[in-house]
Amino acid sequence: MEQTWRWYGPKDRISLQQIRQTGATGIVTALHHIPNGEVWPLDDILARKKMIESQGLTWSVVESVPVHEDIKKQKGNFQKYIDNYKQTLSNLGKIGIHTVCYNFMPVLDWSRTDLNFQFEDGSEALKYEQKHFVAFDIFILKRKNASKDYPTEVIKQSEMWYNSLDNNQIQTFIDTIIKGLPGAEESYSVAQLAKVIGEYEGIDRFKLKEHLFYFLEEIIPIAEKANVRMAIHPDDPPWPLMGLPRVVSTRDDVKEILDKVDSVNNGITLCTGSFGAGYFNDLPAMTKEFASRINFAHLRNVSRDEQLNFHEDYFFEGDIDMYSVVRNLVEEENRREKSGRTDKRIPMRPDHGNQMFEDIGKPNNPGYSLYGRMKGLAEIRGLEIGIKKSITT
Ligand code: DNO
């Protein structure tokens, strides 16, 4: 696998030089300064590429070219935004960047209820508790009919928990939820959030899927021409939130998306943590089934239960059999090599990592620690080498 690292650009507190010292050779980044929906100009792409290469690294993957909300809703200027998206893909291909990660989650990107969950060893991870999320939906957002979406027992527990909070705790909790919104730096208010959610009224999972398929039918031919492999990122977590539909959550969703536009340029990001938060997803099996269409991998583990609670965990702990996932990826690379595919090395990155050592207390994008991710990468490297040796000898 190609070992990569997500870097948030020049503002990231982790430098390209530090990333090089972790052993990663590829960078995963985006032009975060370009407003959502606008074309990424050739010059800006080239300048960023040169900056990365000046440190001896390669810009391997774009994460993400964001999909404008109007495309997901098929409202307003959505056709114009699709045209801009195509232009961005052509520009990226021209400059030699061949993998693009994106997602199709309405309004929210990832969601957690605790960004500093304490491990017994003193490190911190990201956590999601369903009853806390429900409390946000019913008692803070006060979404119409929200209580119809949850079992009475969960609502009771969630109310008890909510009533135990003081005002400061409520504010911290609201900030935590809002962090998962793209553009959260501009700090959404609860009222704004309610408004953007309201704009999805009448869009259920079937409609959203239609909109995704339309988008794919438009962009994949362009991606093919530009030699860009698209990698749709799963929903995190893989179930509907705040009444908003989600359509990249399960094995069946992936199957439908890949069959709809049958092209290697229409692939997925195998995010083991996002799919894996759902007890219903079998990650080794999904890796095997969709192997030829995995264009990018995010590797991390989670501990989860059937009540939709989970927290992020160390690479070899948690509920996902990471050995089998990595083994299936290595076997796929061997198949690609034999069949002469040019993309025989699958780019992967250690996804989130616990906050530990000097990382604790430092401002960071939730999950994007230095030491925790470095530990994850070291473990993945070792595992991969061991598997490769055991397969070829
Ligand atoms: C969070 C990430 C997501 C993901 C995007 C992909 O840590 O998994 O932000 O990168 O949703 O478009």
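Both counts, for ligands and for their atoms, begin at 1 and track the order of listing.
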Would you say the ring centroid of Y85 lies under 6.0 angstrom from that of F215?
yes
Quick one: table the atom pairs, ligand 1 N or O against protein N or O, below 3.5 Å, distance rounded to 0.1 Å.
from, atom 1, to, atom 2, distance (Å)
ligand 1, 7 (O), H352, NE2, 2.6
ligand 1, 7 (O), Y368, OH, 2.8
ligand 1, 8 (O), H233, NE2, 3.3
ligand 1, 9 (O), D109, OD2, 3.3
ligand 1, 10 (O), R6, NH1, 3.2
ligand 1, 10 (O), E63, OE2, 2.1
ligand 1, 11 (O), N103, ND2, 3.0
ligand 1, 11 (O), D109, OD1, 2.8
ligand 1, 11 (O), D109, OD2, 3.1
ligand 1, 12 (O), S64, OG, 2.6
ligand 1, 12 (O), N103, ND2, 2.9

Is there a donor-acceptor pair under 3.5 Å between the side chain of N309 and the backbone N or O of Q130?
yes
Would you say the side-chain atoms of N91 pair up with the backbone N or O of W40, donor to acceptor, closer than 3.5 Å?
yes
Which residue pairs pass the salt bridge (charged side-chain N to carboxylate O under 4.0 Å, His left out) test with at least one member in residues 260-269, sequence neighbours excluded?
D262-R293
Following the transitive rule for hydrophobic clusters with a side-chain heavy-atom cut-off under 4.5 Å over Ile, Leu, Val, Met, Phe, Trp and Tyr, establish whether L377 and Y314 coincide in one cluster.
yes
Are the side chain of S263 and the backbone of N265 linked by a donor-acceptor contact shorter than 3.5 Å?
yes
